[in-house]
Protein chains: 2
Amino acid sequence: MHDAVASDPMAHDHDACIAAAIDRVEARCRVAGLQLTPVRRRVLEILLEEHRALGAYGILDRLRAEGLGSQPPVAYRALDFLMKHGFVHRIETLNAFVACTTGANAAPEDPHMPAFLICRACRRVIETTVPTARGRLETAAEGAGFAIEHAVREAEGVCATCRRAS
Amino acid sequence: MHDAVASDPMAHDHDACIAAAIDRVEARCRVAGLQLTPVRRRVLEILLEEHRALGAYGILDRLRAEGLGSQPPVAYRALDFLMKHGFVHRIETLNAFVACTTGANAAPEDPHMPAFLICRACRRVIETTVPTARGRLETAAEGAGFAIEHAVREAEGVCATCRRAS
DNA sequence: GCTCCCAATGTAATGTTATCACATGAGTTA
DNA sequence: TAACTCATGTGATAACATTACATTGGGAGC
């Protein structure tokens, strides 16, 4: 099951990567007084295991197999919690979710503006961080008197690994 | 039915605006040998009448009332055609559709990179055009060896009109 | 101890968005 | 006419998301 990942040039030590991410999230929950309950924690782990976007029903299937909830609201509520606190992001173009892979969940006081590169070949989602400073979209909005509250930046294409493979 | 629009500060001559847009699209279809069939034309008109994003099922309801089709594929096929040729854009964050309001559908040889400002108060969608030149997302992608094929830029917030109103 | 409250979860039902599969019709070409 | 293509008609189903209400379990205050 992990072979595909292990043979991938982009592979890394998944277990350590996941453990570190979970540790960061746990630390933030302790500090902020948030409850990282079993369901919430497991949903985060599932998303960390995949480095791909997973749909709510894909997550739900896994939870069901583990006896952690069987109805859609279970998954959506956990995702709402994780997104609210920046541990997970929603990918609008896929109606799916990915774990936050920047260190930003360790430094919430410097909010990052995430952007996503979605590979249509391997379905992997690369999260990049762009500076919070004003870019072209913000400039255009300012000119129109529009107050941006939330911005979505997603790009579909082919990642470096898949380009080399073809 | 048009009162709400007519009393709006952002109102303009809708009929002329729609007619001009339809004319541009018709011209491009003639040149490119595309069939702007009754259903496709009507879907475009419906989207031009609203200056808002409309869901596929909202469009379908209108078509149904006019006897132009009653099943989802009718609406989705027309939207696919209109999007494929740049006459309509999909708003990913709303799972909805808007007519293209830039003049770009008259000048396809200079493809625009549309960005959308979505007002959460009045639901109006403002389409702005950003230069095709490389911005921060493109720079980040290049650095990662990622080849962008399609980018989504959408921002939710409050438009100038609604800000003044509150 | 207790009750009250609140946050999280369990669960059924439903709502919304999108696609598939296959049949039909209209026009073009051979 | 036959073969083909493009658009449409239609029923069924898949995929994504929310509502509403019941239940549980752990503090806070008495």
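Naming convention: chains lettered A, B, ... in sequence-line order (proteins, then strands); numbering from 1 in each chain.
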Could you check whether A:Y76 and the base of D:dT18 form a stacked pair, meaning centres closer than 5.5 Å and planes differing by less than 30°?
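It does not: the ring fails the test against the base of D:dT18.
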Under 4.5 Å between side-chain heavy atoms, hopping through other hydrophobics if needed: is there a path connecting B:L94 to B:V152?
no
Result for 5'-nearest mapping on DNA chain D, choosing between B:P72 and B:T37, is B:T37
Tell me the interatomic distance from [X], atom [atom1], to [N], atom [atom2], rounded to whole angstroms.
| X | N | atom1 | atom2 | value |
| --- | --- | --- | --- | --- |
| B:D80 | D:dA7 | CG | P | 12 Å |
| A:R64 | C:dT9 | CZ | P | 17 Å |
| A:H85 | C:dA8 | NE2 | P | 8 Å |
| B:F81 | D:dA7 | CZ | C1' | 11 Å |
| B:I59 | C:dA18 | CD1 | C1' | 13 Å |
| A:L60 | C:dG10 | CG | P | 11 Å |
| B:L63 | D:dG9 | CG | P | 10 Å |
| B:R42 | D:dT8 | CZ | P | 15 Å |

Under-4.0 Å side-chain N/O to phosphate OP1/OP2 contact, [X] with [N]:
| X | N | answer |
| --- | --- | --- |
| B:Q71 | D:dT8 | no |
| A:Q35 | C:dA8 | yes |
| B:S70 | D:dG9 | no |

Using only atom types and a distance under 3.5 Å, with no angle test, would you say the side chain of [X] pairs donor to acceptor with the backbone of [Y]?
| X | Y | value |
| --- | --- | --- |
| B:R40 | B:L82 | no |
| B:R124 | B:C159 | no |
| A:E154 | A:E92 | yes |

Side chain of [X], heavy atoms from C-beta onward: which of [options] has the nearest atom to it?
| X | options | result |
| --- | --- | --- |
| B:V74 | C:dA18, C:dT9, D:dG9 | D:dG9 |
| B:R90 | C:dA18, D:dC16, C:dC20 | C:dA18 |
| A:P73 | D:dT10, C:dA18, C:dT11 | C:dT11 |

Does the base of D:dA17 carry an N or O that pairs as donor and acceptor with the side chain of A:Y57 under 3.5 Å?
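When only heavy-atom distances are counted, A:Y57 does reach the base of D:dA17 through a donor-acceptor pair under 3.5 Å.
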Within the 6.0 Å centroid threshold, strictly below: B:F116 and B:H89
yes
Base, sugar-phosphate, or nothing for B:R77, non-hydrogen atoms under 4.0 angstrom?
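Answer is base: heavy atoms of B:R77 come under 4.0 Å of a base.
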